[in-house]
Amino acid sequence: MNSVGANCNELKQEYDACFNVWFSTQFLKGNNSERMCAPLFKEYTECVKEAIKEQKIDMKEIEKNVLNTEEEQKKPTGQR
Amino acid sequence: MVKFYESSTVFQYNWHQVAQAFWQRYPNPHSSHVLSEDTVFREVRDNKLFTKRLLTKTNRVPKWGERFINNPKVGIIEESVVDPKTRTLTTYTRNVGYTKVMSVVEKVVYRESDDNPNCTIAVRSGWVDSQVFGFKHAIQAFGVERFRKNCQQMILGFNHVLSHLYPKHGQHETNVSSEKSSVQEAKDKLKSAAKRASDLVMPKANVMVASCQD
């Protein structure tokens with residue numbers, strides 16, 4: 001899958017590959033250390049942040065957290 | 001008033017498989033509308049994995065909607081929490097930009113089935129809203145129709161990725177037939193949903209709960 005920044009594609013692929021291994025062999029098995037992919041993640045997300053800025057996507061909206069906050073949408077009462 | 005809908009899907013794979021496949025969902029043959037996918041935030045906290053991803057998707061709108069939306073691309077923020085202890089993956093997605101025209105929020109909870117640990121249940125809730133005076137209902141109805149369509153694409157795409165990641169899956173024999181029929185069924189549903197969307201001229205003001213199963 002492509003990154004939003006064409007120049008970040010390679011970094012993304014490297015990081016994603018690392019993450020998928022980490023997720024199945026470490027995280028799901030109870031090892032929570034994030035060290036394994038940290039350097040790749042840093043480089044990749046820095047690249048993405050630049051791309052987001054260039055494409056004028058609202059960074060504030062991206063930074064906002066909604067899940068598990070007051071702002072999260074609620075199911076209407078009386079309906080399932 | 002915000003339109004709400006809910007649907008549930010059973011995946012014939014265990015929760016660990018579904019959780020792993022979740023990160024590898026794109027691209028798949030049913031995701032041509034997804035243009036890019038990036039992880040912008042990730043950390044482990046309280047033994048849970050918190051992630052935020054930015055997706056960009058094509059934003060095809062009906063002719064009458066072009067006056068409100070002229071950007072062919074829309075940004076989607078996907079927040080997620082993976083809790084291996086409770087075997088729950090929760091995702092929450094919302095669009096960035098154009099939220100006054102149409103805001104679409106979706107929450108999906110993937111949980112191990114209580115009846116069968118080899119199956120995973122995904123419960124999907126959606127909220128569609130619009131603040132455009134005079135077009136609110138039409139836009140909401142359009143949003144719900146698109147949800148139905150995307151819902152089938154999501155299921156087809158996810159199953160496609162799962163079957164590639166886990167070809168020697170425990171219940172392979174029984175799954176082949178059921179998968180085939182469900183794919184055909186889903187295709188038919190997709191067709192009729194697409195037809196409904198393209199036929200959409202009048203707002204369906206009374207659609208309160210739309211299910212991707214119907």
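Throughout, protein chains are lettered first and strands after them, A, B, ... in sequence-line order, and every chain is numbered starting at 1.
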* Asked: So how far is it from B/Arg94 CZ to A/Glu71 CD, rounded to the nearest 0.5 Å?
  -> 8.0 Å
* Structure fact -> Ranking B/Val82, B/Leu55, B/Val81 by heavy-atom pairs under 4.5 Å to chain A gives rank one to B/Val82
* Any luck finding a side-chain donor-acceptor pair between B/Asp38 and A/Ser3 under 3.5 Å? -> yes
* Which answer fits B/Lys85, side chain, backbone, both or neither, if we ask what part of it has an atom under 4.5 Å from a heavy atom of chain A? -> neither
* Asked: Taking every heavy-atom pair that is under 4.5 Å apart, which of B/Gln24, B/Lys52, B/Arg42 has the most such pairs with chain A?
  -> B/Arg42
* Structure fact -> Under a 4.5 Å heavy-atom criterion, the part of residues 36-46 of chain A in contact with chain B comprises A/Phe41, A/Tyr44, A/Thr45
* To do: Select one option (side chain, backbone, both, neither) describing which atoms of A/Asn32 are under 4.5 Å from chain B's heavy atoms.
  => both
* Structural part of B/Ser125 lying under 4.5 Å from a heavy atom of chain A -> side chain
* Structure fact -> Rounded to the nearest 0.5 angstrom, the CZ-CG distance for B/Phe41 and A/Asn65 is 7.0 Å
* Where the side chain of B/Glu79 meets the backbone of A/Val66, is there a donor-acceptor pair that is under 3.5 Å apart? -> yes
* Asked: Which members of residues 22-30 of chain A, sorted by number, sit under 4.5 angstrom from chain B on a heavy-atom basis?
  -> A/Trp22, A/Phe23, A/Ser24, A/Phe27, A/Leu28
* Structure fact -> If one checks every heavy atom of B/Val44 against chain A at 4.5 Å, the contacting part turns out to be both
* Measure from the side-chain N and O atoms of B/Tyr26 to the backbone N and O of A/Asn2, and report whether any donor-acceptor pair falls under 3.5 Å. => no
* Asked: Is chain A contacted by the side chain of B/Ser31, its backbone, both, or neither, given a heavy-atom distance below 4.5 Å?
  -> neither
* **Part of A/Glu72 lying under 4.5 Å from any heavy atom of chain B** => both
* Structure fact -> Hits for salt bridge (charged side-chain N to carboxylate O under 4.0 Å, His left out) against B/Arg45, two or more places apart or cross-chain, chain-then-number order -> B/Glu43
* To do: With a 4.5 angstrom heavy-atom cut-off, could you sort out which part of A/Leu67 is near chain B: side chain, backbone, both or neither?
  => both
* Given side chain to side chain contact (heavy atoms under 4.5 Å, CB included), test A/Asn20 with B/Gln20 step by step and report yes or no. => CA-CA 7 Å; A/Asn20 287 326; B/Gln20 289 171 73; over 6 Å; no
* **Residues in salt bridge (charged side-chain N to carboxylate O under 4.0 Å, His left out) contact with B/Glu78, at least two apart in sequence or another chain** => B/Arg25, B/Arg53
* To do: Show your working on side chain to side chain contact (heavy atoms under 4.5 Å, CB included) between B/Glu6 and A/Lys75 and close with a plain yes or no.
  => CA-CA 9 Å; B/Glu6 195 173 46; A/Lys75 291 184 187 187; 2.7 Å; yes
* So which of A/Glu63, A/Lys49, A/Lys74 has the biggest tally of heavy-atom pairs under 4.5 Å with chain B? -> A/Lys74
* **Residue, of B/Leu54, B/Asn47, B/Thr56, that accumulates the most heavy atom pairs under 4.5 Å with chain A** => B/Asn47
* A/Glu61/B/Ile77 under side chain to side chain contact (heavy atoms under 4.5 Å, CB included): CA gap, chis, key distance, verdict -> CA-CA 8 Å; A/Glu61 267 302 310; B/Ile77 304 293; 5.7 Å; no
* A/Ile62 side, atom CD1; B/Ile76 side, atom CD1 - distance, nearest 0.5 Å -> 11.5 Å
* Begin with the C-alpha distance, continue with both residues' side-chain angles, and end with the deciding distance and a verdict on side chain to side chain contact (heavy atoms under 4.5 Å, CB included) for B/Glu37 and A/Val4. => CA-CA 7 Å; B/Glu37 166 216 58; A/Val4 69; over 6 Å; no
* To do: Can you tell which part of A/Val48 gets under 4.5 Å to a heavy atom of chain B, answering side chain, backbone, both or neither?
  => side chain
